[in-house]
Amino acid sequence: MATKMLALCSLLALTTLATARVALEDDVSLERLQQGWTSEGPASSATTFQVMFAVKQRNVDALEETLLRVSDPDSESYGKHMTMGQVKALIAPAKDSILTVKSFLRKNGVRDCETNGDIIRCVATLKQMESMLDVKMHSFRHKSNATVVRATQHYTLPEDIATHVDFVAPVNRFPSMRSLTVLKKVSGMRTNTPDSLRKLYNVGTVEGKNPKNKQACTAFLKQHFLQKDLANFYKKYYPDMEGMVPKVIGPDMGFPGVEASLDIEYISTLGAKVPTEFWSFAGTAPDNRQNEPFLDFMYLIGNTSDAEVPKVFSTSYGEAEDTVSMAYMSRIEAEFQKAGGRGITLLFASGDSGCADDNGQCKNGRFAGMWPAGSPWVTGVGGTENDTPEQAWGGSSGGFSDRWPQPTFQKEAIATFFSTATNLPDQSHYNATSRGFPDVSAQATNFEVINGGVTLPVAGTSCATPTFSGIVGLLNDLRMTGGKSPLGWMNPLLYKNPSMFTDITTGTQGSGIGCGPHGFAAVKGWDPVTGLGTADYQKMAQVIADLP
């Protein structure tokens, strides 16, 4: 009898061990993730998902070391970027990891899969998702009326599978719903058009010449533009571009969105004649598969050949750091490094809420670190306004990360800021030893945008980002026409050459609920509102031309 009991206990122990599950991405509360969204009950059983398993990569440290070498203008390796194949080979997951995850998917009936080497992307049913991840999926509606299907609890994986996976998506993460501000026309305010911006930033009549150069803007959650609007914009504001049609990657249908119209209109005219693409990620594919649009963007970059991938991406997506799990953020940081290692420049809008988060709040009194603009591996773009003098825009998000340590390329600039700035916010609001953002800035108010046949004045760092990105597109054109590499990850280059920017020294960042009386102010040198300042194309071109 004792022997039978022992055998039964052993069997139960083995069963428990075999079915032990591990929670992934549970460091962000469901309440925080779901802020602004309301459950409408269980999702339809007909719902399908484009699910991604991010398999653990290897040699990430070596990837970072390589990126630092090829991006340092003082290094003999500057500009010697890796190919897509070299990047994939360097960070490829262990074969056992890929096989284990694929086997898990097959056992759960998921067979329609593909991979870019380190992310396995599959089509799964609602039933399969709920079973694999031990969750219940609900339909959620945002206050803006957008809808998604997400889990109502943190997901888990069997322990022997979880050890091979960084995260699974889409499950708990909700898309960022940051939006532009449409202004009322006010007389006497500076109006921004392609011509006025080219004059302000000393671009003049410079246009792209190299057919191998490419730039792109991104759009998420069914943001589209109309070719008719773009044609009318060119006719009114930049006639030299009449007849130009950007290449569209992904869906572009339905009523146009102001964000999408702004992005394509300004990146293609500041970076005029540089071949321009519009990368669109809807969030729900035409067959209604639920997906995570930002992750789709990173997946597509990693799967697009060196000859075809744009060398500059302008993106206005962003959210507060504390809404993003460390597992997800750390993995996407590696994806940013992969892009930079290939010579691709990623620019992100810093945000439009001053020192607060997108809801106008400072959680627990902390200024909001914004991501991805606060990532060390991308270039964050803040906002300015006016021109006599140009000054910090109050809405420009900026500050210091609560996730990432201060990178070497930025230490001197931040030390100077703290040794010279006055009337600083109380130190309880931020971490002075961490990554500061933004890195650069550009005009962010009163942009003339044609959307749906109507000309609208809009504001936000979403205006600044395609403006600065178009200028980077021209700088890449200069280098590539001279037989040199594109700029790639620019931050070390930017901080070693602050004199190529127009320093913004006036203006104060807005505050928010729980943030204290004020945010940061623009000062001489780098500051956490306008970064190093705004572009002077001619000065930048001189520095760029002298690089190997």
Side-chain angles (χ1 to χ4, degrees), residues 190 200-202 349-356 362 366-370 373-374 376 379-402 404-445 459 461 464-465 467-468 490-512 515-536 539-540:
R190 174 190 167 86
L200 181 64
Y201 297 134
N202 210 10
S350 70
D352 307 332
S353 50
C355 62
C362 288
R366 298 291 286 181
F367 288 178
M370 303 301 267
T379 300
V381 185
T384 61
E385 61 182 348
N386 302 329
D387 56 8
T388 53
E390 191 171 9
Q391 63 188 60
W393 176 53
S396 182
S397 292
F400 296 88
S401 171
D402 274 328
W404 305 116
Q406 198 170 104
T408 301
F409 65 77
Q410 204 178 34
K411 286 184 180 296
E412 184 178 343
I414 291 179
T416 299
F417 170 74
F418 280 114
S419 66
T420 58
T422 58
N423 195 29
L424 287 167
D426 190 88
Q427 286 194 8
S428 63
H429 293 301
Y430 57 91
N431 180 358
T433 63
S434 63
R435 155 73 163 150
F437 72 102
D439 300 296
V440 296
S441 53
Q443 286 280 315
T445 63
T461 53
T465 309
T467 298
F468 200 97
M490 300 190 299
N491 291 1
L493 169 66
L494 303 183
Y495 282 85
K496 286 188 175 183
N497 294 277
S499 63
M500 63 185 182
F501 296 94
T502 299
D503 194 5
I504 307 301
T505 60
T506 59
T508 303
Q509 185 184 54
S511 187
C515 306
H518 60 84
F520 294 103
V523 298
K524 185 178 180 180
W526 178 89
D527 59 69
V529 190
T530 64
L532 294 164
T534 58
D536 184 319
K539 289 182 180 179
M540 297 181 83

message = Any side-chain to backbone donor/acceptor pair from Thr461 onto Ala464? Under 3.5 Å, distance only.
response = no
ask   = Do you see a donor-acceptor pair shorter than 3.5 Å between the side chains of Thr505 and Asp503?
value = no
Test log, rule side-chain contact (heavy atoms from CB on, under 4.5 Å), inputs Met490 and Val440 = CA-CA 11 Å; Met490 300 190 299; Val440 296; over 6 Å; no
query = Is there less than 2.5 Å between the SG of Cys515 and that of Cys362?
reply = yes
note = Sorted by chain and residue number, the side chain to side chain donor-acceptor pair (under 3.5 Å) partners of Thr433 (sequence neighbours excluded) come out as Asn431
key: Gap separating the OH atom of Tyr430 from the CG atom of Asp402, nearest 0.5 angstrom   = 12.5 Å
ask   = Would you say the side-chain atoms of Asn491 pair up with the backbone N or O of Pro376, donor to acceptor, closer than 3.5 Å?
value = yes
key: Test item: Ser396 side-chain N/O and Gly383 main-chain N/O as donor-acceptor pair under 3.5 Å   = yes
inquiry  = Can a donor-acceptor pair be found, under 3.5 Å and without considering hydrogens, that links the side chain of Ser434 to the backbone of Pro405?
reply    = no
ask   = Is the closest side-chain heavy-atom distance between Gln443 and Thr467 below 4.5 Å?
value = no
ask   = Heavy-atom distance under 4.5 Å between the side chains of Phe501 and Met540, does that happen here?
value = yes
ask   = Taking the side chain from Gln406 and the backbone from Ala432, do they hold a donor-acceptor pair closer than 3.5 Å?
value = yes
Please list, one pair per line, the donor and acceptor atoms closer than 3.5 Å that link side chains of residues 408-415 to other protein atoms, with sequence neighbours excluded.
residue: Gln410; atom: OE1; partner: Gly436; partner atom: N; Å: 3.0
residue: Gln410; atom: NE2; partner: Gly436; partner atom: O; Å: 2.7
residue: Gln410; atom: NE2; partner: Tyr495; partner atom: OH; Å: 3.0

query = Hey, does the side chain of Glu390 reach the backbone of Thr384 with a donor-acceptor pair shorter than 3.5 angstrom?
reply = no
inquiry  = So which atom in Glu385 and which in Ala392 form the shortest heavy-atom distance, rounded to 0.1 Å?
reply    = OE2-O, 3.9 Å
request  = State, yes or no, whether a side-chain contact exists between Phe400 and Pro528 at a heavy-atom distance under 4.5 Å.
outcome  = yes
inquiry  = Under a 3.5 Å distance rule, please check whether Trp393 uses its side chain to pair with a backbone N or O of Thr530 as donor and acceptor.
reply    = no
ask   = How close do Ser350 and Pro438 get, heavy atom to heavy atom, and via which atoms?
value = CB-CB, 4.2 Å
request  = For the pair Asn497 (side chain) and Met500 (backbone), establish whether a donor and an acceptor sit closer than 3.5 Å, ignoring hydrogens and angles.
outcome  = no
task = Drop me the distance from Ser428's OG to Phe367's CZ, to the nearest 0.5 angstrom.
result = 8.0 Å
message = Once rounded to the nearest 0.5 Å, what's the spacing between atom CG of Asn386 and atom OG1 of Thr506?
response = 8.5 Å
Minimum heavy-atom distance between His518 and Leu424, given as atom pair plus value = CE1-C, 4.0 Å
key: Atom pair OG1/CG of Thr502 and Asp536 - distance to nearest 0.5 Å   = 5.0 Å
Euclidean distance, Arg366 CZ relative to His429 NE2, rounded to 0.5 Å = 9.5 Å
query = Got Thr420 and Lys524 here, is their nearest side-chain heavy-atom distance under 4.5 Å?
reply = no
task = If the plane angle is over 60° it's perpendicular, under 30° parallel, otherwise tilted; pick one for Phe417 and Phe520.
result = perpendicular
